[in-house]
Amino acid sequence: MKEQFYKYLQSLQDTICASLETLDGEAKFVEDLWNRPEGGGGRTRVISEGEVFEKGGVNISSVHGELPLALRKQFGVETGDFYACGLSLVIHPKNPMVPTVHANWRYFEMYDAAGEIVTQWFGGGQDLTPYYLFDEDAVHFHSICKKACDKHGAEFYPKYKKKCDEYFWNAHRGEARGIGGLFFDYLKPTEERTLEEWYDFVSEIGNSFLESYAPIVEKRKALSFTVEQRNWQEVRRGRYVEFNLVHDRGTLFGLKTNGRIESILMSLPPHVQWHYCHEPEAGSWEQKLVDVLMHPKSWV
C-alpha cells in the first residue's frame, strides 16, 4: 500500500501544480528534492510572487525509520519503526477576495521488532480560509467535498465536516481558522472497510481538490481591492499562523520527526500583521466573516 499511495501522490502533485500554474499565468513552481538523514525524503515545490499566488507549496514526502521519542510516548511503545508519506499543500493568494486553501492526504504504518505492520491508517482532508466571505464560494467548496464523500458513504460528509470544524479551531481565540471542509484521521482497515477501500476514498477526495478550489480562484482573482482590505487579509493570516504553530498535528509531527524545516513551514504566509485588540467594525463585511468563524455553519 505504501508504494501504491506514494505513486498516487506523485501524480497528484504533478496535476495540482500544473493547474495552479495555469491559474496564475505567470509564476512557476520551483522544485527542491531533499533527503532525511534518518530515512526517506521528499519533493518540495514552491510558487511565489506570481500574478495570483503570493506564496504556496505543494509538497510530498516519504519518510521512515525509528519512531522518535515523542511519538513512542504518544503511541505507548518503547521501540518501533514507522513509515509515513503524504502530500501537503497551502496556497496563499495575493488578492484578499481569493481564499487561502489547505489540503493534506497521508498514510502511516508502524512496525514491531520483527518488521511486521502493527497498525496502519490514512488521514487527510481539505479546508478553505477566506478573508472576505462569498456564500456561493463556501457552498461550492462544500458541495464538491460532499459529492466526493457521497460516492463512498452517505455518512462521510457530515461526519468529516464536523471533525474539520472541531479540528481547525483556534481555541485560544474562540474561532475557527476558516470555513472548514473535511478532516479525517486514523482510517484503519476494519471488518466493514478494507485498506484498499480507504485508499479509494482518500484518493477520491484528493482528486476532487482542484474542482473544489480552482473555480473560486478563477471567479475572484481579478476583483479589485483596497489597501484596507489587504491589511485585513494580513491580520487574518496571523490567525492562520497561530493555528499552524500551536495546534496543527502535521506541523508538530514534522518538527518531532526531524522533518525538513523549510518544507514544514512553507505553510506560513510572507506578509502578516498582528495588532493589539484588533476588532472589525460592527456590521462590516469583515465582521460577517468573524461571526461565521465563531459559529461554524452548514453550507450544503
Side-chain angles (χ1 to χ4, degrees), residues 1 4-5 8-9 12 74-75 84-90 99-110 119-130 133 135-171 173-213 216 240 243-244 246-253 291-300:
M1 177 55 70
Q4 178 183 354
F5 191 60
Y8 163 72
L9 294 180
L12 185 61
Q74 178 181 333
F75 297 138
C85 69
L87 184 156
S88 182
L89 70 84
V90 178
T100 283
V101 72
H102 160 260
N104 172 266
W105 307 282
R106 57 191 178 273
Y107 175 69
F108 181 89
E109 291 182 353
M110 189 168 70
T119 188
Q120 55 194 151
W121 66 77
F122 286 101
Q126 52 214 49
D127 61 282
L128 200 66
T129 303
L133 182 59
D135 286 0
E136 60 266 38
D137 293 351
V139 170
H140 169 81
F141 187 84
H142 280 269
S143 295
I144 298 304
C145 290
K146 183 178 186 300
K147 183 175 73 171
C149 285
D150 286 352
K151 294 179 181 179
H152 299 268
E155 74 279 14
F156 283 169
Y157 173 74
K159 178 179 180 179
Y160 298 140
K161 191 271 185 187
K162 182 174 185 291
K163 286 184 178 294
C164 189
D165 289 339
E166 293 170 348
Y167 177 75
F168 291 104
W169 182 257
N170 252 336
R173 294 287 190 179
E175 63 183 30
R177 187 179 77 175
I179 60 164
L182 301 173
F183 179 81
F184 42 86
D185 212 357
Y186 305 113
L187 303 184
K188 301 180 180 182
T190 64
E191 291 183 359
E192 290 76 29
R193 291 189 185 271
T194 66
L195 193 66
E196 190 68 33
E197 287 173 322
W198 282 128
Y199 168 87
D200 292 341
F201 168 69
V202 175
S203 58
E204 183 87 53
I205 302 302
N207 292 341
S208 77
F209 168 75
L210 285 171
E211 185 182 359
S212 71
Y213 185 59
I216 297 174
Y240 198 95
F243 179 87
N244 281 27
V246 175
H247 302 298
D248 187 69
R249 293 180 194 169
T251 301
L252 298 177
F253 176 83
D291 289 344
V292 170
L293 297 181
M294 294 177 68
H295 307 284
K297 61 183 288 187
S298 297
W299 294 101
V300 295

Please round to the nearest 0.5 Å and tell me the distance separating atom CD1 of I144 and atom NZ of K146. 11.5 Å
Applying ring-ring contact (aromatic ring centres under 6.0 Å, His included), name anything that partners Y107, two or more places apart in sequence or on another chain. F122
Roughly how far, to the nearest 0.5 Å, is CD of Q4 from CG of L9? 10.5 Å
Could you walk me through whether F209 and V101 satisfy the side-chain contact (heavy atoms from CB on, under 4.5 Å) test, starting with their C-alpha distance in whole Å, then the side-chain angles of each, then the deciding distance to 0.1 Å, before giving a yes or no? CA-CA 10 Å; F209 168 75; V101 72; 3.6 Å; yes
Please enumerate all residues that pass side-chain hydrogen bond (donor to acceptor under 3.5 Å, both in side chains) together with N207, with sequence neighbours excluded. Y8
Please identify each residue that fulfils ring-ring contact (aromatic ring centres under 6.0 Å, His included) with F243, with sequence neighbours left out. Y167, F168, H247
Give the table of side-chain donor-acceptor pairs shorter than 3.5 Å for residues 292-300, with sequence neighbours excluded, one pair per line with atom names and distance.
none

Determine the minimum heavy-atom distance between A84 and F108, stating which atoms define it. CB-CD1, 4.0 Å
Considering all heavy atoms of both residues, which atom of Q126 and which atom of S212 are nearest to each other, and what is their separation? NE2-OG, 3.9 Å
Run the side-chain contact (heavy atoms from CB on, under 4.5 Å) test on L12 and W105 for me, step by step, so that the C-alpha distance in whole Å, both residues' side-chain angles and the decisive distance to 0.1 Å come before the verdict. CA-CA 10 Å; L12 185 61; W105 307 282; 3.7 Å; yes
Among all residues two or more places apart in sequence or in another chain, which pass the side-chain hydrogen bond (donor to acceptor under 3.5 Å, both in side chains) test with N104? R106
Working to the nearest 0.5 angstrom, can you tell me the gap between H152 NE2 and S203 OG? 6.5 Å
On a heavy-atom basis, which atom in H142 and which in I179 lie closest, and how many Å separate them? NE2-O, 2.9 Å
Apply the side chain to side chain donor-acceptor pair (under 3.5 Å) test between R177 and each candidate in T100, N170, D127; give the one that qualifies. D127
Could you point out which residue of F5, F156, W121 forms a ring pair (Phe, Tyr, Trp, His ring centres under 6.0 Å) with W198? F156
Determine, stepwise, if the pair E192 / T190 fulfils side chain to side chain donor-acceptor pair (under 3.5 Å). CA-CA 5 Å; E192 290 76 29; T190 64; 3.3 Å; yes
Could you tell me the separation between the NZ atom of K159 and the CG atom of L182, rounded to the nearest 0.5 Å? 12.5 Å
Heavy-atom closest contact (P189 atom, Q120 atom, distance): CD-O, 3.7 Å
Supply the atom-to-atom distance E155 CD to D150 CG, rounded to the nearest 0.5 angstrom. 9.5 Å
Between atom CZ of R193 and atom CG of D200, what is the distance when rounded to the nearest 0.5 Å? 10.0 Å
Can L128 and Y213 be said to form a side-chain contact (heavy atoms from CB on, under 4.5 Å), step by step? CA-CA 8 Å; L128 200 66; Y213 185 59; 3.9 Å; yes
Is there a donor-acceptor pair closer than 3.5 Å between any side-chain N or O of D248 and the backbone N or O of T251? yes
With R249 via side-chain hydrogen bond (donor to acceptor under 3.5 Å, both in side chains) - residues at least two apart: D185
Residues F184 and G125: closest non-hydrogen pair is CZ-N, 3.8 Å
